[in-house]
Undergrad: 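I have a structure I would like to understand better, so I am pasting it below and will then ask my questions one at a time.
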Amino acid sequence: MVTGNRSFYLFIGIFMLLIGILINGSHMFSGKFPDALMVVALSIMAFSLAYLEPHFAAKDERAQKIRERATYISYFWGVIFAIILMLIFNPLSPLNVSAFQVLSLFIALYISVVFLNMVYYAKKY
């Protein structure tokens, strides 16, 4: 059962990464803001879950500690991302992006950081 979930997460991750590269690549080559950042973030999440699945299969104190610590540290990363995005995309900035694009960038970064922090703390503990 463990390898079945892992292979499913890997399949979903590869599929979503290919779709994300295709959609974002076509937007970037045409000079537009990449609209499918969320797909890339979800593929990072799927790859992270494929790695974390054996660690989280046993519902023990270690798995709970990994989740708690990663979520706690990700809050600070989210604040840092918000400050950086506010500094870069302020009203006086020459960069012209919509609020939806800034929010999608923020959410994609935050989703990626939460799960990459879980991978980091799974290796650390």
Side-chain angles (χ1 to χ4, degrees):
M1 183 69 180
V2 170
T3 58
N5 287 339
R6 232 176 155 176
S7 59
F8 175 74
Y9 288 135
L10 282 174
F11 172 75
I12 293 296
I14 291 170
F15 178 73
M16 292 178 86
L17 184 63
L18 292 175
I19 296 296
I21 289 172
L22 179 71
I23 294 171
N24 288 328
S26 66
H27 278 99
M28 286 191 292
F29 284 129
S30 65
K32 298 178 186 174
F33 187 83
D35 288 333
L37 291 174
M38 218 42 142
V39 178
V40 175
L42 292 176
S43 70
I44 290 171
M45 181 183 79
F47 286 129
S48 297
L49 286 173
Y51 177 79
L52 293 168
E53 203 275 331
H55 299 281
F56 288 166
K59 305 219 183 280
D60 57 353
E61 293 174 9
R62 181 177 171 271
Q64 185 66 24
K65 186 175 182 179
I66 291 169
R67 284 188 191 106
E68 287 174 359
R69 186 61 137 166
T71 306
Y72 178 73
I73 296 300
S74 296
Y75 168 76
F76 296 106
W77 278 105
V79 171
I80 291 169
F81 289 149
I83 291 170
I84 290 172
L85 290 175
M86 282 190 277
L87 291 173
I88 292 174
F89 299 115
N90 63 31
L92 302 175
S93 173
L95 300 173
N96 188 15
V97 293
S98 69
F100 176 77
Q101 292 169 336
V102 174
L103 282 174
S104 69
L105 179 62
F106 176 76
I107 293 170
L109 284 171
Y110 194 74
I111 288 172
S112 301
V113 162
V114 168
F115 286 94
L116 290 175
N117 273 333
M118 285 185 190
V119 169
Y120 171 75
Y121 285 113
K123 287 184 178 183
K124 186 176 178 180
Y125 296 128

Undergrad: Please collect all ring pair (Phe, Tyr, Trp, His ring centres under 6.0 Å) contacts where either partner lies in residues 94-122, sequence neighbours excluded, each pair once.
TA: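 Counting only pairs at least two positions apart or across chains, the ring pair (Phe, Tyr, Trp, His ring centres under 6.0 Å) contacts touching residues 94-122 are Y121-Y125.
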Undergrad: For residues 23-37, which residue pairs qualify under side chain to side chain donor-acceptor pair (under 3.5 Å), counting only residues two or more places apart or in two chains?
TA: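 Only H27-D35 qualify under side chain to side chain donor-acceptor pair (under 3.5 Å).
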Undergrad: Which residues, ordered by chain and number, are linked to M28 in its hydrophobic cluster, where ILVMFWY side chains connect at heavy-atom gaps below 4.5 Å, directly or through other members?
TA: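 Besides M28, the cluster holds no residue at all.
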Undergrad: Give every residue pair that meets the ring pair (Phe, Tyr, Trp, His ring centres under 6.0 Å) criterion with at least one member in residues 30-68, sequence neighbours excluded.
TA: Y51-H55
Undergrad: Name each donor-acceptor pair under 3.5 Å that joins a side chain in residues 10-22 to protein atoms two or more places apart or in another chain, with its distance.
TA:
none

Undergrad: Does V113 belong to the same Ile/Leu/Val/Met/Phe/Trp/Tyr cluster as L37, with side-chain heavy atoms less than 4.5 Å apart forming each link?
TA: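 Hydrophobic grouping puts V113 with L37.
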Undergrad: For the hydrophobic clusters of this structure (ILVMFWY residues joined by side-chain heavy atoms under 4.5 Å, transitively), does one cluster hold both L49 and I44?
TA: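 No; tracing contacts between hydrophobic side chains, which count when under 4.5 Å, never links both residues.
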Undergrad: Nearest 0.5 Å, please: how far is OG in S7 from CD in E53?
TA: 9.5 Å
Undergrad: When rounded to the nearest 0.5 angstrom, what is the spacing between NZ in K123 and CG in L52?
TA: 10.0 Å
Undergrad: Can you list everything that forms a side-chain contact (heavy atoms from CB on, under 4.5 Å) with S93? Sequence neighbours excluded, please.
TA: N90, L95
Undergrad: Please list, chain by chain and in numerical order, all residues satisfying ring pair (Phe, Tyr, Trp, His ring centres under 6.0 Å) with F29, sequence neighbours excluded.
TA: none
Undergrad: Which heavy atom in R62 sits nearest to a heavy atom in A122, and how many Å separate them?
TA: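 Heavy atoms of R62 and A122 come nearest at NH2-O, 2.9 Å.
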Undergrad: Could you tell me the separation between the CD1 atom of I66 and the CD atom of E61, rounded to the nearest 0.5 Å?
TA: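 Nearest 0.5 Å value for the CD1-CD distance: 12.0 Å.
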Undergrad: Applying side chain to side chain donor-acceptor pair (under 3.5 Å) as the test, list every pair that has at least one member in residues 96-108; sequence neighbours left out.
TA: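 Matches after skipping sequence neighbours: none remain.
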Undergrad: Is there any side chain to side chain donor-acceptor pair (under 3.5 Å) pair reaching into residues 64-89, and which pairs are they, with sequence neighbours excluded?
TA: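 Every side chain to side chain donor-acceptor pair (under 3.5 Å) pair that includes a residue of residues 64-89, provided the two are not neighbours, is Q64-E68, S74-N117.
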Undergrad: With a cutoff of under 4.5 Å between side-chain heavy atoms, which Ile, Leu, Val, Met, Phe, Trp and Tyr residues group with L103?
TA: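 Besides L103, the cluster holds no residue at all.
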Undergrad: Please tabulate, for the side chains in residues 81-89, all donor-acceptor contacts under 3.5 angstrom to protein atoms that are two or more places apart in sequence or on a different chain.
TA:
none

Undergrad: Using 0.5 Å steps for rounding, measure from the OG atom of S112 to the CG atom of L42.
TA: 8.5 Å
Undergrad: Identify whether I111 and L116 are in the same connected component of the hydrophobic contact network (ILVMFWY, side-chain heavy atoms under 4.5 Å).
TA: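 No, I111 does not connect to L116 through the hydrophobic network.
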